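Below is one structure, written out as structure tokens; comments come after it.
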Amino acid sequence: MQKTGMAVTGDEIAATGDMPTYQIRAPPTALPQGVVVAASPGSLHSPQQLAEEATRKRELRLMKNREAARECRRKKKEYVTCLENRVAVLENQNKTLIEELKALKDLYCHKAE
DNA sequence: TATCCCCGGCGTCATGTGAA
DNA sequence: TTCACATGACGCCGGGGATA
């Protein structure tokens, strides 16, 4: 089973502290190989043809859902990575602010003396 | 080396949701 | 209301580390 390419580059998830705007890929313009477009319902007659049509529809649905599930997992993973990056950024900011506060307190104490 | 356990990825089904 | 798509839940499978 082939893998689809990533829609978002690493740069877009860079730890800037901002939430990235996810780029959703445009839907494929052509059906994958092996998928046969169903004949129009009016051209079906025998029970066998109906059964084949039903099978074709089911396979098409399964294939689309397979792809959708992959894409969904990819996006979820990307989202989690983004959150982890944001956590790291905020932790750094917090550390910096605490140090800054400490420095200001020291300064204030020395001036007060 | 064999076995166990955990984890991540996958396919499928059921269901929610928005658009036509 | 119907349809297509997105996503949560579930079970299965294979890889890799830990242990006897």
Side-chain angles (χ1 to χ4, degrees):
Chain A
M1 196 62 75
Q2 67 173 14
K3 301 252 179 192
T4 55
M6 294 291 283
V8 179
T9 67
D11 292 340
E12 287 163 341
I13 325 174
T16 60
D18 295 322
M19 297 295 280
T21 50
Y22 297 107
Q23 285 190 339
I24 308 300
R25 258 172 296 148
T29 54
L31 286 170
Q33 285 186 339
V35 174
V36 181
V37 177
S40 64
S43 66
L44 294 174
H45 300 293
S46 71
Q48 187 183 350
Q49 280 176 315
L50 289 171
E52 284 173 1
E53 173 65 6
T55 301
R56 216 169 14 233
K57 279 186 177 174
R58 172 181 159 78
E59 285 175 357
L60 185 61
R61 182 170 50 79
L62 289 180
M63 191 195 70
K64 281 187 175 180
N65 188 244
R66 208 154 39 227
E67 294 292 327
R70 264 194 221 122
E71 177 66 7
C72 184
R73 286 173 182 131
R74 187 193 64 76
K75 283 199 298 181
K76 187 175 182 179
K77 216 173 160 186
E78 181 182 295
Y79 177 64
V80 168
T81 301
C82 177
L83 286 183
E84 287 169 348
N85 287 339
R86 185 158 170 75
V87 166
V89 166
L90 290 175
E91 280 177 350
N92 278 336
Q93 282 181 357
N94 195 35
K95 206 181 290 179
T96 302
L97 287 172
I98 287 172
E99 284 170 8
E100 198 177 322
L101 178 63
K102 190 168 169 246
L104 287 172
K105 274 184 179 173
D106 284 351
L107 194 64
Y108 177 76
C109 285
H110 285 125
K111 269 195 175 176
E113 285 171 4

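Values reported hereafter were calculated over all heavy atoms of this structure, with side chains retained and with hydrogens, waters and symmetry mates removed. Fair warning: this is a prediction, and the values are worked out from it, not measured in the lab. Proteins come first, then strands; the chains are lettered A, B, ... in the order of their sequence lines, and each starts at number 1.
Salt-bridge check for A:E53 with A:R56: passed, with a basic side-chain N closer than 4.0 Å to an acidic carboxylate O. Between A:E78 and A:R74 a salt bridge is recorded (basic side-chain N to carboxylate O distance below 4.0 Å).
In this structure, the side chains of A:E71 and A:E67 stay at 4.5 Å or more apart for every pair of heavy atoms. Counting heavy atoms from C-beta outward, A:T81 and A:N85 have side chains that approach closer than 4.5 Å.
Here B:dG11 presents its P atom at 8 Å from CD of A:E67, a figure rounded to the nearest Å. Across the protein-nucleic acid pair, A:K75 atom NZ and B:dG9 atom P stand 17 Å apart, rounded to whole Å. Protein atom NZ of A:K77 is 12 Å distant from nucleotide atom C1' of B:dC7, rounded to whole Å. In this structure, A:K64 atom NZ and B:dC10 atom C1' are separated by 20 Å, rounded to whole Å. Per the geometry, CG belonging to A:L60 stands 14 Å off P belonging to C:dC3, to the nearest Å. If you take CZ of A:R70 and C1' of C:dT7, they are 16 Å apart, rounded to a whole angstrom.
Separation of atoms CG (A:L83) and CG (A:L90) is listed at 10.5 Å; rounding is to 0.5 Å. Atom NZ of A:K76 and atom OH of A:Y79 lie 11.0 Å apart (nearest 0.5 Å). Distance check, rounded to the nearest 0.5 Å: CZ of A:R70 to CG of A:N65 gives 11.0 Å. Atoms CG and NZ, on A:L97 and A:K95 in that order, are 12.5 Å from each other to the nearest 0.5 Å.
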For nucleotides 18-20 of chain B, which of its nitrogen or oxygen atoms have a protein nitrogen or oxygen under 3.5 Å away, and what is each distance?
none

Using the 3.5 Å cut-off, write out each protein N or O paired with an N or O of nucleotides 12-17 of chain B and the distance between them.
from   : atom 1 : to    : atom 2 : distance (Å)
B:dT12 : OP2    : A:R66 : NH1    : 2.4
B:dC13 : OP1    : A:R58 : NH2    : 3.2
B:dC13 : N4     : A:N65 : OD1    : 2.9

